[in-house]
Amino acid sequence: MAQCVQFVEEFVQDSFVPMVAVLCSEEAERATRKNNLNFTELLRPFCRLTSEGHIRDPNNQLQVVKNLRICVNNVMTNPNTASAALSPAQRRLLNEVVLSCQPQEGAVTNVITAGDYNLNFNATTPWFKAYRENFLQTMPASDHEFLNHYLACLLVVSSTEAVPVEQFLKLSQEQHRIQHSGEYTNPKWFIPNTLKYYVLLHDMSEGDEQRADVLYEDMKQRYGAQGCYLLKINSRASSTAEDEQIPDPWSQYLHRNNLQNQVSTVASSTCAEVDSLQSTEKDGVSNSLESHPLQLDEGSGMGALHTLSAANTDVKKGARDPESTAGGAGSHGVCLTLNDHDHIRQFIQEFTFRGLLPHIEKNIRQLNDQLVSRKGLSRSLFTATKKWFGGGKGPEKSVHEPKSTCGLLYPPEAPELQIRKMADLCFLVQHYELAYSCYHTAKKDFLSDQAMLYAAGALEMAAVSAFLHAGAARSYPAHYMDTAIQTYRDVCKNMVLAERCTLLSAEILKSQGKYSEAATLLIKMTSEDSDLRSALLLEQAAHCFINMRNPMVRKFAFHMILAGHRFSKAGQRRHALRCYCQAMQVYKERGWALAEDHINFTIGRQSFTLRQPENAVLAFKQILTNDSRQMATQQAAFLREYLYVYKSVMGEKEASLPMLPLPCIHSSATRVYFGHERRLAEGEKQAATHVSLDQDYDQDLAAMWCHLEEQLVASANRGTVPVNFQQTQCCLNSQTDNLRHPLAVVEEPMIVELTFRNPLKVSLALSNLSLLWRFTPDAASPSKEKMPEEFMGETITNEETLALGRSSLKCYRLYMLLFSQARLRLLPHRTGQLNIVGVVYNLAEASSGETTANLMVVRGKQDLMIQGPRLNQTKEDKMLVRHGPDRRLDPIITPNMPLMEVFFLHFPTALLCGEIRKAYVEFCNVSSVALSGLRVASTHPDFFTFGSQATTPVTPLSPTSAKNCSAYKTLATVNQPGSVAFEVLVSAEDFSQLSTVVEIPIEGNVLEPGESTQLPLWLRGPDQEGVHEINFLFYYESVEKGTKISHRVLRHTVFICASRSLSVQASASRSSVPPHHCQDDKGCSGTLVVIDVENINTSESGVREFHIVQVSSSSQHWQLHKCINPARDKDCKLTSRERAKLCFRAKRCKPHQGTNPHWHIMSFFPLFTFLCPTLTSSPLLVQIVSSSTPCGDFFFHCCRTTESQRADVESSRTSSSSKSQDPSEDKASDLNNIVKKCNELDLNIIVIWKAFVVEDNKQLILEGQLHVALQTIGKEATSLTPKEAQEMVLLKFKSEQPPPVVVPSAELSQLIKTNLHYPETYTHPFVQNSLCLVPVTLTLSNCSPAHVDIIVDLRHKSTSPESLEVHNSFNWVGQTQYKLQLRPEEVLCLTLQACFIQAGVYNLNTPRVFAKPAEQGTMCETSQQTSSPALIIINNA
């Protein structure tokens, strides 16, 4: 706040001091001019008394006068009279006083914390103090008060005069003429008999001291000892002035004195300059700085600032430097010694104590006597003061509104003026008690006479007297001051007196802690007639708000803005800038967007006008970078102003490019792409998709690609992934791992994608965008930053050699409030370390109505500073906020590497489920380095195959294959009866891969630079319908080892739409034919395989019908032996929703055929016939060689996937069983294994089909194959992929004991296979022999690989419904129970006899057969009885 260096009491006292006039002779002035001072300037530093004075009041009471100061001025006979406003010269003087007093750098500041605000502002306001002192000193004297009237006059004559007494007489007469002739209204004199004090000035360096003493003695005789004084000065010669350093007490006073003296000379030129500045500003600057402080300029442009830049705000040095007129620095008082200083100080004290105070005391007594005699008052007015200060009835609390104006004037002899004159004399000598009494009495008289100007003056001084009177029982009557101010301002229209009253009252209120009342008083005094006064008072009001007990921060800031606005209108630009900067502390980043924009805009303009372009750029930058809520037109004006200021700054600094605030660059969203952009399709060729900047980053996809790459790297490194393995990242963004330096390749481009955001509602035009980079060649020192301006042509040259090539965007339009991306390209030409540090560009406003040449265009840069991810590994990282590095913009340039491009031909986008399609893939080496180790991994390895070199057909092997362009290897055979399968022995190693990685068979395993090769690729539609995303990752290496990049990869993603085709369901069951009846099976019965095929295609893809071409099987232990389908001679054709059933007999392989686990028996059953007259007249069967590519490849891929799934299940079961410790559980698992092996089938079915499709009125033939894996007898298998059902698992809080393993009886019933062999019809003569014995053979076959204990019980009576329908009155004769043990796969025949007593139909299926594994002694035996009846017909002969 504007804290006074003085105490408030001292300030008020110094505002009203006794006035003393000075008249000097020419010789006296010449003697003082040796010190570069006139006589009044010589006395001014010593005008404050250091000792106490005393007077006696009319009541003869002694009053002490402390710290009294007198004011000594030369007599100026100006014709000007007192007016209600300051003269232009006085205004210019005050304006220059404030302009010359600026805050010093490093000055003491106050730091106030209010809530979450931390404010820093000036502790003192010396410019306000200087304004206030000069305002009070330059106030014109008024007739309604006598405080500014002269009480005495010093007549100064030099001792070198021939007759000094005559000079004293001339000066005395001159003073009398000035006072009493009536020619001059100024100066004004206090009383008619003005005190004349005669001073004889003796120059010690020239005059005779004895003569001076004689003259002084004569003066004492003539004027009295108390009316004259001998002052001796200049005790030191000017030649010795430089040898001795004497203090200079005149400097602080001469500055103000010179300003006052320069009103008519130097100040006139200075103020003319200030006036021109104001007029220039008012003409050139928009009304935003004059109309209202919160009104922004909507139409201002760069011309406004151009006009501002022409204004000169620096005042001439002569107006600011007081020493330019008073001499050089330290030249005051050069002829004075310290003794001379004491002489002057003693002279002032003698004059005051012996001349002035007695004179004032005498006049107080005279006035008191006159008033008592004229008005008939009491003996002394002093006795009346008890009524006001002694606790009696208090004064009026308020004064009513006056009824008339201040036009009433009193004659000089009026009693009311005499009371006022006596009050002023008492006030000047610090007799505040008597002064208050007189003021109060005069106030009542003035109010009764409606003399409002006089009444306001009496009220003002009464309030001041009450405040200064230390022993008063009454508090400060602030309402007196309020009434006085209101009367001065509204009634008398005298703003000068109102301002003085406001300044005094505000200081008094602030000293009492009444900051709110003081602020209100100051704000009320602001008006349009004086911008300077309003600015200073508003600033003081703001400081009042911030110094309250509860600081009002926002009011402080608001009034600071108002003060800055008024300072700007007054031409005080530095003070205006300071106020706005202090207010910004409150509004900055607080959500006051519009106010913040206004403040920054004004700071920018003022800074630019004050030749502070850096601050102006910073302020305008804040406007543009914040999310402004201004209208588009206003933002456009802001932008134009900023561009103009920025360009003017760049005109001074051509060396470096500063930072631009627009547009906003989201550095974290920067993406870097390494490599060539994807080549578009060329004709029928479809290029690999690879990685593109147009693709969005997906974390799951990135993990999938990383997994595929790990598989490829492990395959290339003998099954292990190296420790230093790094995933290949072609596109880096904020979600990728950027902790390591990325690797780029020489002569391969890098594309940097920058994300810009335009926060304005105005479109921006960017042009000539280029990257700013730093390159360090291998084995070289770091180079400096390279900017595109330094280079010519397309390439950017390094200091030593060609390092990088670049491409720049010539024109780029960024629309309002939008995000936009720009891609810049760099091409490295040599190895080293590259650091991309920023971007340079031209910025302009994108205006559709102006051409590019007319736009204000500036060039600058922005740094690319990317903050890495926050670290969260250690405890320190979690406690602190630490960020790791992000090196996506710091690639290492490595030597040449091979670069491969992949193209696909005839690659489909839609397939039927299981459809086989042949395509081609082309590999091209477009680099200068040979590549090798070509591999591919896929998320769907069973979707494609490159074929096996041992089984891939090079050319079609049959006319059918050539004619139909079949993807299969086919043979035409003659149709033979019996439908016996074609058999072939196949090695699975020729098809299956050890992992999901496929090595691509290229010649020599090396692809030389510039070479290309084309390979066939067979595709098979997925088994599940829908859209499938299939990803390929191609891997290749350089033939040169030891490079920084060990390998490279190429990605490709395709989407295949799979439609329904056929549904194949197969089941196997044991044949009931006795083993000895089966001619083809030596000692072992067969198994029936039933295949159910349904056309589930909905004809959406134009499929007309399906033909089952062939059914093949593959297994190590089983094979399809014979087709027993009743309609085997007809083609199997299926239209929509038709079904067909195919039946086959399967048999076990011979022992010598299944010894090698890698060999499979494949059986072919061709079902499709066609006629070929050129070969034979019989129909031919189309046999597809299932053991060759692609049929065998896809089949074995499918088998490998199924086996891996079963292996996972088995491993999980094994791990869970290994944890069990109970012996009973081990036995249960052994039994399960026995039962499982008993029911194992392990037979894989391949159904090959043809589909006839009509497309564009043309018939196409599609081929495909479906796979069914029969694993267990009695369980149905299907070719459809079941959808996984999500089952809800209940949350369990307590572990439960595993339930006991119970082997299902249905599985144990398959251990033994039973057959009854008997004659279907038997004739017996019951008349001759009543008992009929029929031989029955019971065949027992052990189907398990373990020993089985069997019990055959013939005593069982059947109770099944089927048995009750026939006669059951027969018995088994002979041995009725057998206990046997069968070896693994042993067949045993028992001969039984059934006894019948009458003819009829009987069910022989009554024996009970119990079986259990031999080692399971405690297990319950399970019945092996067959459910089907065995009927025999007994006839009577």
Side-chain angles (χ1 to χ4, degrees), residues 672-675 688-691 695 697-732 735-745 748 887-888 891-892 894-902 921 923-927 929-946 992-1002 1004-1007 1015 1017 1029-1053 1197 1200-1201 1204:
V672 183
Y673 178 79
F674 298 95
T689 57
H690 196 43
V691 182
Q695 301 171 357
Y697 182 81
D698 186 273
Q699 192 71 35
D700 296 334
L701 283 178
M704 180 270 299
W705 289 117
C706 181
H707 178 66
L708 291 179
E709 188 172 354
E710 286 181 353
Q711 293 179 358
L712 290 166
V713 172
S715 173
N717 291 273
R718 300 179 180 179
T720 59
V721 179
V723 179
N724 59 348
F725 166 73
Q726 297 182 22
Q727 180 190 3
T728 302
Q729 298 183 122
C730 297
C731 184
L732 300 179
Q735 302 181 46
T736 55
D737 182 11
N738 305 322
L739 296 179
R740 301 183 181 91
H741 290 279
L743 300 178
V745 181
E748 292 188 15
R887 297 190 173 97
R888 75 183 89 164
I892 297 175
T894 62
N896 288 319
M897 283 289 294
L899 182 63
M900 182 181 69
E901 291 185 354
V902 178
V921 58
F923 301 98
C924 303
N925 185 355
V926 295
S927 66
V929 181
L931 63 88
S932 63
L934 189 56
R935 294 174 173 82
V936 64
S938 175
T939 54
H940 297 69
D942 52 351
F943 171 71
F944 70 98
T945 181
F946 285 96
S992 62
Q993 296 287 335
L994 298 178
S995 64
T996 56
V997 176
V998 178
E999 295 187 5
I1000 300 176
I1002 60 175
N1005 292 328
V1006 175
L1007 197 61
L1015 298 176
L1017 181 69
E1029 179 181 351
I1030 302 175
N1031 300 286
F1032 298 88
L1033 187 63
F1034 296 92
Y1035 171 100
Y1036 56 97
E1037 303 172 351
S1038 173
V1039 294
E1040 301 175 0
K1041 303 301 179 183
T1043 57
K1044 291 183 179 180
I1045 302 179
S1046 61
H1047 64 278
R1048 306 193 81 174
V1049 294
L1050 180 66
R1051 300 177 183 178
H1052 180 60
T1053 301
H1197 288 178
R1200 181 191 62 203
T1201 304
S1204 62

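This is a predicted model, so every value here is computed, not measured.
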Answer yes or no: is there a donor N or O on one side and an acceptor on the other, between the side chain of H690 and the main chain of R1051, under 3.5 Å? yes
Would you please classify the geometry between the F1034 ring and the F1032 ring as parallel, tilted or perpendicular, with 30° and 60° separating the classes? parallel
What I'd like to find out is whether the side chain of Y1036 reaches to under 4.5 Å of the side chain of L899, using heavy atoms alone. yes
Non-hydrogen atoms of P891 and A744 that approach each other most closely: CB-CB, 4.4 Å
Look up atom CG in N1031 and atom NE2 in H707, then write down how far apart they are to the nearest 0.5 Å. 12.0 Å
In the structure I gave you, are the side-chain heavy atoms of V745 and I1045 within less than 4.5 Å of one another anywhere? yes
Heavy-atom side-chain proximity of D700 to M704 below 4.5 angstrom: no
Between T720 and N717, is there a donor-acceptor pair closer than 3.5 Å when you use the side chain of the first and the backbone of the second? yes
Taking the side chain as C-beta and beyond, is there a heavy-atom pair between V936 and L1033 under 4.5 Å? no
Residues in ring-ring contact (aromatic ring centres under 6.0 Å, His included) with H940, at least two apart? none
Quick test of your reading: applying salt bridge (charged side-chain N to carboxylate O under 4.0 Å, His left out), list the pairs with at least one residue in residues 718-732, sequence neighbours left out, ordered by first then second residue. none
Heavy-atom nearest pair, N925 first then A930, reads ND2-CA, 3.7 Å
Heavy-atom donor-acceptor pair, Q711 side chain to A937 backbone, under 3.5 Å: no
Supply the atom-to-atom distance Q727 CD to R740 CZ, rounded to the nearest 0.5 angstrom. 10.5 Å
Decide yes or no on salt bridge (charged side-chain N to carboxylate O under 4.0 Å, His left out) for R1048 and E748, but give the supporting numbers first. CA-CA 13 Å; R1048 306 193 81 174; E748 292 188 15; 2.7 Å; yes
Does F674 reach the side chain of L743, with side-chain heavy atoms less than 4.5 Å apart? no
Sub-3.5 Å donor-acceptor pair from the side chain of T736 to the main-chain atoms of N738, do we have one? no
Given 3.5 Å as the limit, does a donor-acceptor pair link the side chain of S932 with the main chain of V1006, or not? no
Backbone of A702 reached by a side-chain donor or acceptor of D698 within 3.5 Å: no
Any salt bridge (charged side-chain N to carboxylate O under 4.0 Å, His left out) involving residues 1033-1042? Give me the pairs, sequence neighbours left out, ordered by first then second residue. E1037-K1041
From L931 atom CG to L1007 atom CG, the distance as rounded to the nearest 0.5 Å: 4.5 Å
Establish, yes or no, whether a centroid distance under 6.0 Å links the rings of H1047 and Y1035. yes
Donor-acceptor check, side chain of T728 to backbone of V1049, threshold 3.5 angstrom: yes or no? no
Once rounded to the nearest 0.5 Å, what's the spacing between atom CG of L1050 and atom CE of M900? 5.5 Å
Between CG of N1005 and CG of L934, what distance do you get to the nearest 0.5 Å? 9.0 Å
State, with a plain yes or no, whether a side-chain heavy atom of R935 is found less than 4.5 Å away from one of I1000. no
Regarding E1029 and T1053, is there a side-chain donor-to-acceptor distance under 3.5 Å anywhere? no
Looking at side-chain heavy atoms only, is the closest gap between S938 and I1030 below 4.5 Å? yes
Rounded distance [0.5 Å steps], CG in N896 versus OG in S1038: 9.5 Å
Which atom of E709 lies closest to which atom of Q726, heavy atoms considered: OE2-O, 4.0 Å
Do L708 and T939 come close enough that some side-chain heavy atom pair is under 4.5 Å? yes
